[in-house]
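Okay, so here's the structure we're looking at.
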Amino acid sequence: MVNDIIADSLTRIRNASMRRLDTTNLYYAKIVVSILEVFQAKGFIESFKVIEKDKKQSINVVLKYDEKGHAVINEITRISKPGRRIYKGRNELKRFKNGYGTIVVSTSKGVIANEDAYKANVGGEALCSIW
């Protein structure tokens with residue numbers, strides 16, 4: 001039993017990236033799919049696919065590497081944790097890592113990137129950061 005499915009998913013992606021694996025499997029959750037959609041839109045992963053096997057769903061993530069074989073993901077961290085939720089206002093979400101990184105935010109408009117939250121004039125729970 002996994003208590004924090006987001007942290008487990010980020011750790012699996014981080015470990016697979018460090019080992020230079022092509023794919024990794026994650027437990028299925030709607031919030032994880034939403035986070036992966038943001039990662040794919042920002043170009044941190046190639047693609048992902050929800051797989052159903054014996055009435056259990058999992059997510060297969062294809063990782064992205066540059067032409068030299070280095071991982072596109074330099075750092076991926078969990079910000080808000082089950083024991084301590086971190087909320088950020090609109091003005092705190094303007095830029096991250098000078099525009100190279102992304103903070104994934106859970107807002108009233110869904111799970112979106114920090115730039116989109118700033119443009120939509122909403123704040124929310126900062127789930128994770130990636131660059």
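Sequence positions, counted from 1, serve as the residue numbers for this chain.
- Under the 4.5 Å side-chain contact rule for hydrophobic residues, V111 and I5 share a cluster.
- The shortest side-chain heavy-atom distance between R78 and D4 falls under the 4.5 Å cut-off.
- With hydrogens and angles disregarded, a donor-acceptor distance shorter than 3.5 Å links the side chain of Y65 to the backbone of L21.
- Clustering ILVMFWY residues whenever any of their side-chain heavy atoms sit less than 4.5 angstrom apart, transitively, puts I112 in a cluster other than the one holding I76.
- The shortest side-chain heavy-atom distance between Y118 and N91 falls under the 4.5 Å cut-off.
- Transitive grouping of hydrophobic side chains (ILVMFWY, heavy atoms separated by less than 4.5 Å) brings V2 and I6 into a common cluster.
- Atom NZ of residue K97 and atom CD1 of residue I103 lie 10.0 Å apart, to the nearest 0.5 angstrom.
- Across all their heavy atoms, I79 and C128 have their closest contact at CD1-C, 3.8 Å.
- With values rounded to the nearest 0.5 angstrom, L127 atom CG is found 13.0 Å from K81 atom NZ.
- Here I59 contributes atom CD1 and I51 contributes atom CD1; the two are 9.5 Å apart, rounded to the nearest 0.5 Å.
- The backbone N or O of K56 lies less than 3.5 Å from no partner atom in the side chain of D54, so there is not a single donor-acceptor pair.
- Few gaps surround CG on D66; more than 12 heavy atoms of other groups in view lie less than 6.0 Å from it.
- In the hydrophobic cluster analysis, where Ile, Leu, Val, Met, Phe, Trp and Tyr join through side-chain heavy atoms closer than 4.5 angstrom, Y87 is grouped apart from F96.
- The closest side-chain heavy-atom distance from T102 to N114 is below 4.5 Å.
- Nearest heavy-atom pair, G123 versus L93, reported as atom, atom and distance to 0.1 Å: CA-CD1, 4.1 Å.
- Atom CE of M18 and atom CG of L63 lie 12.0 Å apart (nearest 0.5 Å).
- Atoms CZ and OG1, from R14 and T77 in turn, are 7.5 Å apart once rounded to the nearest 0.5 Å.
- Taken to the nearest 0.5 Å, the CG atom of L10 stands 9.0 Å off from the OG atom of S129.
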Can you give the donor-acceptor pairs under 3.5 Å from side chains of residues 24-50 to other protein atoms, not counting sequence neighbours?
unit_1 : atom_1 : unit_2 : atom_2 : d
S34    : OG     : K30    : O      : 3.1
Q40    : NE2    : E46    : O      : 3.3
K42    : NZ     : E115   : OE1    : 3.0

